[in-house]
Undergrad: 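The following block contains the structure, expressed as structure tokens.
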Amino acid sequence: MRIPALLGLSSGLALTALAGREVAITIDDLPRGGDREASFADTRRMTEKLLAPLRAGKVPVIGFVNECKQHTRELLPLWIAAGAQLGNHTCSHMDLNTHSAAEYEDDIIKGEPVTEGLVHRKARFFRHPFLHAGNDPAKKEDVTGFLAARGYRIAPVTLDNSDYMFALVYGQALARKDTSLAKHVKDSYVTYMDSIFDFFEKRSVEVAGHEVKQTLLIHASQLNADAMPDLLSMMKRRGYSFVTLEQALEDPAYALPEEYAGPGGFSWIHRWSKTKGMAPKGEPDEPEWITKLWKQREH
């Protein structure tokens, strides 16, 4: 339920105390997602802008790294300096749906040395690219067992969304210097994300019996760098405080059975509901004009 403004309060802190909602912010595809081709200098500026409000607000964040991408070694220190935790996202952003378990496990191992060399310890968390955790039970079991044996905990997502679609349209608008479209995309994105929070808050009550400590997935993109202050304000208006991924996973909902094996990549709230045999209920779609522009520019 949306919480109204209260007695002119502007900081959102009192609302946080009232609602008691908590969210962990997780950012995928470090050092940069697929919003557009960019130089090292541009990606560095994007990274600094993305991290600045998180650092200033002492907001915990974990970034999931693709070590095979360009400039990973040079840019990860910015995340470490901002206090971010780092996790493994495979080396090449490999899709488990289209590769064998053995190939995927090799790519996980290839995704370790740069991060470990910088933080001097092994990453604790692993995030599946595309949220594809195994398109058949045998593959899922193989990779899940491999991750556990290697000391990883799988990083679930409850607040799944299509930020990557907005990010591609936004990045290409900026490249064409179409500031009007870029502003429209950013404003529509924040409104869309507000609707995503609203949906999964309610759906978590239906599935888990209470509003869970949420885990938000977004990507390292110029859109999220530019929209981060507005996103943080939106979350505060909804009554959220910011917690680490470890703290979010203390919620008992994350111990619910999750038996989905298939080609889809989606929220753990949907996975829990499927395991329980509940009727499906889909989250809000992105605007049709975003889908249309994304399809045009993606292809």
Undergrad: Starting at CG of Leu231, measure out to CG of Leu223 and round the result to the nearest 0.5 Å.
TA: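 Separation between the atoms: 7.5 Å.
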
Undergrad: Is there a side-chain contact between Pro31 and Phe40, using heavy atoms and a 4.5 Å cut-off?
TA: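 The answer is no, as the side chains (C-beta and beyond) never meet within the 4.5 Å cut-off.
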
Undergrad: Quick test of your reading of the model: are Lys276 and Glu206 salt-bridged, counting only N-O distances below 4.0 Å?
TA: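 Result for this pair is no, no salt bridge flagged.
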
Undergrad: Hey, any chance Val243 and Leu216 share a hydrophobic cluster, counting ILVMFWY side chains that come within less than 4.5 Å of each other, even indirectly?
TA: no

Undergrad: Report yes if the side chains of Asp230 and Lys186 come closer than 4.5 Å at any heavy-atom pair, otherwise no.
TA: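 Result yes, sub-4.5 Å side-chain heavy-atom pair found.
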
Undergrad: Side chain to side chain donor-acceptor pair (under 3.5 Å) between Tyr164 and Asp29: does it pass, once the steps are laid out?
TA: CA-CA 11 Å; Tyr164 62 93; Asp29 295 5; over 6 Å; no

Undergrad: Taking the basic N atoms (NZ, or NE/NH1/NH2) and the acidic carboxylate oxygens, is any pair closer than 4.0 Å for Arg44 and Glu48?
TA: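 A salt bridge links Arg44 with Glu48.
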
Undergrad: Taking only Lys NZ, Arg NE, NH1 and NH2, and the carboxylate oxygens of Asp or Glu, determine whether Arg36 and Asp42 approach each other closer than 4.0 Å.
TA: yes

Undergrad: Heavy-atom distance under 4.5 Å between the side chains of Leu181 and Gln172, does that happen here?
TA: no

Undergrad: Do you know which two heavy atoms are closest between Thr26 and Phe64, and how far apart they sit?
TA: CB-CE1, 4.0 Å

Undergrad: I'd like to know if Glu112 and Arg150 make a salt bridge, using a cut-off of under 4.0 Å between side-chain N and carboxylate O.
TA: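 Arg150 and Glu112: salt-bridged.
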
Undergrad: Sequence neighbours excluded, which residues qualify as side chain to side chain contact (heavy atoms under 4.5 Å, CB included) partners of Gln70?
TA: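 Listed in chain order: nothing, the list is empty.
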
Undergrad: Can you confirm whether more than 12 heavy atoms, excluding those of Arg176, are under 6.0 Å from its CZ atom?
TA: yes

Undergrad: Do the side chains of His270 and Asp160 get nearer than 4.5 Å, heavy atoms only?
TA: no

Undergrad: When you measure from the side chain of Thr72 to the backbone of Cys68, do you find a donor-acceptor pair of N or O atoms at a distance under 3.5 Å?
TA: no

Undergrad: Evaluate the side-chain proximity of Leu168 to Asp35: yes if any heavy-atom separation is below 4.5 Å, no if none is.
TA: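 No, too far: nothing below the 4.5 Å cut-off.
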
Undergrad: Can you confirm whether Val65 sits close enough to Trp79 that some side-chain heavy atom of one is under 4.5 Å from a side-chain heavy atom of the other?
TA: no

Undergrad: Provide the full list of side chain to side chain donor-acceptor pair (under 3.5 Å) pairs with a residue in residues 50-68, sequence neighbours left out, each pair given once.
TA: Asn66-Lys69, Glu67-Thr115

Undergrad: Quick one: name the residues clustered hydrophobically with Phe266, using the 4.5 Å side-chain heavy-atom rule over I, L, V, M, F, W, Y, and just say none if it's on its own.
TA: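 Reading the cluster by chain and number, Phe266 sits alongside Tyr260.
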
Undergrad: Drop me the distance from Asn97's CG to Lys139's NZ, to the nearest 0.5 angstrom.
TA: 6.5 Å

Undergrad: Donor-acceptor check, side chain of Asp142 to backbone of Ala101, threshold 3.5 angstrom: yes or no?
TA: no

Undergrad: Return the CH2 to CZ distance between Trp294 and Phe166, rounded to the nearest 0.5 Å.
TA: 12.5 Å

Undergrad: Hey, are the side chains of Thr158 and Pro156 touching, using non-hydrogen atoms and a 4.5 Å cut-off?
TA: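 Sidechains of Pro156 and Thr158: no contact.
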
Undergrad: To the nearest 0.5 Å, how far apart are CE in Met235 and CZ in Phe242?
TA: 5.0 Å

Undergrad: Could Asp28 and Arg127 be called an ion pair, given the rule that one side-chain N must be under 4.0 Å from one carboxylate O?
TA: yes

Undergrad: What distance do Gln214 atom CD and Arg21 atom CZ have between them, rounded to the nearest 0.5 Å?
TA: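 Output value for this atom pair is 8.5 Å.
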
Undergrad: Ignoring hydrogens, what is the shortest heavy-atom contact between Ala38 and Thr43? Give both atom names and the distance.
TA: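 Ala38 and Thr43 have their closest heavy atoms at CB-OG1, 3.7 Å.
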
Undergrad: Walk me through whether Tyr189 and Asn224 qualify under side chain to side chain donor-acceptor pair (under 3.5 Å).
TA: CA-CA 9 Å; Tyr189 171 58; Asn224 281 316; 2.5 Å; yes

Undergrad: Any chance you could measure Ser273, atom OG, to Trp268, atom CH2, to the nearest 0.5 Å?
TA: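 Separation between the atoms: 13.0 Å.
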
Undergrad: Evaluate Glu286 against Thr291 for side chain to side chain donor-acceptor pair (under 3.5 Å), listing each step before the verdict.
TA: CA-CA 7 Å; Glu286 62 285 343; Thr291 305; 2.9 Å; yes

Undergrad: Following the transitive rule for hydrophobic clusters with a side-chain heavy-atom cut-off under 4.5 Å over Ile, Leu, Val, Met, Phe, Trp and Tyr, establish whether Val205 and Ile269 coincide in one cluster.
TA: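 Unlinked, Val205 and Ile269 end up in two clusters.
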
Undergrad: How about Thr179 and Lys183: do any of their side-chain heavy atoms sit closer than 4.5 Å?
TA: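 They are not in contact (no side-chain heavy atoms under 4.5 Å apart), so the answer is no.
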
Undergrad: If the threshold is 4.0 Å, N to carboxylate O, is there a salt bridge linking Lys110 and Asp106?
TA: no

